[in-house]
Amino acid sequence: MSATGQTSQPFRSPIGTRDVLPPESARWDALVATFSDLVSRWGFSRLLTPVFEHLEVVHRAGESSDVVTKEVYRFADRSGRELALRPEGTAPVVRSFVEHRPPTPWKVWYFAPNFRYERPQKGRYRQHHQLGVEALGTTDPWLDVEIIAMAWDFYQAVGLGGVELRLNSLGDPEDRAAYREALLAYVAPHLGDLSEESQRRVDINPLRLFDAKAPNDREIMQGAPTLNDFLGGDARAHFDAVRSGLDQLGVPYTLDDRLVRGLDYYMRTTFEFAATSLDAAQNAVGGGGRYDGLAASMGGPDEPGIGFGIGVERLLLALGSALDARLRTDVFVIDLRRDVDPTAAPSVLTVSAELRRDGLSVEHTYDRRSVKAQWKAADRHDARFAVLFGEREVAAGTVQVKDLDSGEQAEVALQDVASLVRQAAGDDSAPPLD
RNA sequence: GUGGCUGUAGCUCAGUUUGGUUAGAGCGCCAGGUUGUGGCCCUGGAGGUCGGGGGUUCAAGUCCCCUCAGUCACCCCA
């Protein structure tokens, strides 16, 4: 069997991947532009890292996490090096940090694809994209506050109505270890009563027991000790400061001491954003947390860090029609003449080129279409204006400029078109998200 | 990785239950409705390996098996 399964069939994108065609791609552009603009104002600069890394880098995301143990796209290159497609955004950024040792605090953002080998479904793909930030070099809780508030502002800026921020602290590693012991001690007498799934979790990551769906499991976990009671003094003070900062900035949140998150490197602050417009199954539109030991575990300086990632596909899904990015052409050029000498100016070729040099987005038909076909094309392109000319205009050295919204039309010299269009278009030429 | 549902034109879908002449609709696309003005309307046209392969049958879009893909749920996550 061939790679596509059927050799006689047209090719299609690999399972779990998809193309983003216009006009939908305009929604992506709008999201990325808004994000870039916003995080720049908070002092973040863009970082680009490779889509593949050494396998060991990717493993730093956690030996107990599904993302690493069963979903990594790994391969050996021609020289036998073990490489992997990035399954998440944080490890590569931290790798870049320990490799280049930039001055701290180092605040960067990224827009990049992640790859996970899992069964696709609505809002879940094998290649998905994340907008995210990472900041390394300080444990100051105000950084946590700013990171979270920034994500919050972003959701507001793109118009996501119902978004819920859930917040938790996992404490310091020793807190978590103590809690883990307590949890295991609590669960031990109930072991046999737990579901098969939960029994597996006991060995892998006991904190995940709280995610169990089985009613009996939930009942057992009701009486379990909570992580919150095990926070040490430092972690508690840090968490209190984060909450206070969020209160000061007016960012609403709910505490959720069962919020564990899927990656092993998190400690202290963790958070997740859920969209109320999505069903419970895939409603997480972003999340992140603090990972103070990660840089050191990669052989770098023991610098703390915190960041978040926002799933683009899922956010777009949650936004639905709330984000309406329209692809609008400024001007559509129409030639009214029946017979056109292709070697003589003016023509749609020369007129369009000139208007484009004047800064307008300009389209026209190809293949010498009829006047009617040219008009249909203008409508299809959602053009704001039509610039048309026939024998009379060519003789007079002018063109007709028609406002396609109002129907008004004026005859002007070609060099005056751009200023006329800009004046007439006025305020409604503003970018889609402002 | 496990289970359910679905696969007919570029798109959305009828037709499959009770196998039977050249497989339909809407939208989209192209052309025309007289020679220089759009969005509406009318007429015509192009476009289909009925996901793919195999089988049963005189006959398969329709029944059976396999396979690929999509989708939903579980798991997990963005």
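Since we're looking at a predicted model, the values are computed, not measured. Chain letters run A, B, ... following the sequence lines, proteins first, then strands; residues in each count from 1.
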Donor-acceptor pair (no angle test) under 3.5 Å: [X] side chain, [N] base:
X        : N      : result
A:Gln409 : B:rU37 : yes
A:Gln127 : B:rA78 : no
A:Arg116 : B:rA78 : yes
A:Asp379 : B:rG38 : yes
A:Arg119 : B:rC75 : no

**Item:** A:Glu164 side chain to A:Tyr253 side chain, donor-acceptor N/O pair below 3.5 angstrom
**Value:**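 Result is no, nothing qualifies.
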**Prompt:** So which pairs with a foot in residues 327-350 of chain A pass ring pair (Phe, Tyr, Trp, His ring centres under 6.0 Å), sequence neighbours left out?
**Reply:**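 Qualifying pairs: A:Phe332-A:His381.
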Donor-acceptor contacts under 3.5 Å from residues 152-161 of chain A side chains, at least two apart:
unit_1	atom_1	unit_2	atom_2	d
A:Tyr155	OH	A:Val285	O	3.1

**Prompt:** With sugar-phosphate meaning primed atoms plus P, OP1 and OP2, does A:Ile334 contact a base, only sugar-phosphate, or nothing at under 4.0 Å between heavy atoms?
**Reply:**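 Nothing: the residue A:Ile334, judged by heavy atoms under 4.0 Å, touches no strand.
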**Message:** Mind checking if A:Glu71 touches a base, just sugar-phosphate, or nothing, with heavy atoms under 4.0 Å?
**Reply:**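 The residue A:Glu71 makes sugar-phosphate contact but no base contact.
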Rounded distance in Å - [atom1] ([X]) to [atom2] ([N]):
X        : N      : atom1 : atom2 : answer
A:Arg166 : B:rA78 : CZ    : P     : 12 Å
A:Asp405 : B:rG38 : CG    : P     : 16 Å
A:Lys122 : B:rU6  : NZ    : C1'   : 15 Å

**Asked** Cation-pi between A:Arg243 and A:Phe239: NZ/CZ under 6.0 Å from ring centre and within 45° of the ring axis?
**Response**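 Flagged: A:Arg243 positioned over aromatic ring of A:Phe239.
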All N/O contacts under 3.5 Å from nucleotides 28-35 of chain B to the protein, with atom names and distances to one decimal?
unit_1	atom_1	unit_2	atom_2	d
B:rC30	OP1	A:Arg369	NH2	3.3
B:rC30	O3'	A:Arg369	NH2	3.2
B:rA31	OP1	A:Arg369	NE	3.4
B:rA31	OP1	A:Arg369	NH2	3.4
B:rG33	N7	A:Lys372	NZ	3.4
B:rG33	O6	A:Lys372	NZ	2.5
B:rU35	O3'	A:Arg338	NH1	3.4
B:rU35	O2'	A:Arg338	NE	2.7
B:rU35	O2'	A:Arg338	NH1	2.3
B:rU35	O2'	A:Arg338	NH2	3.4

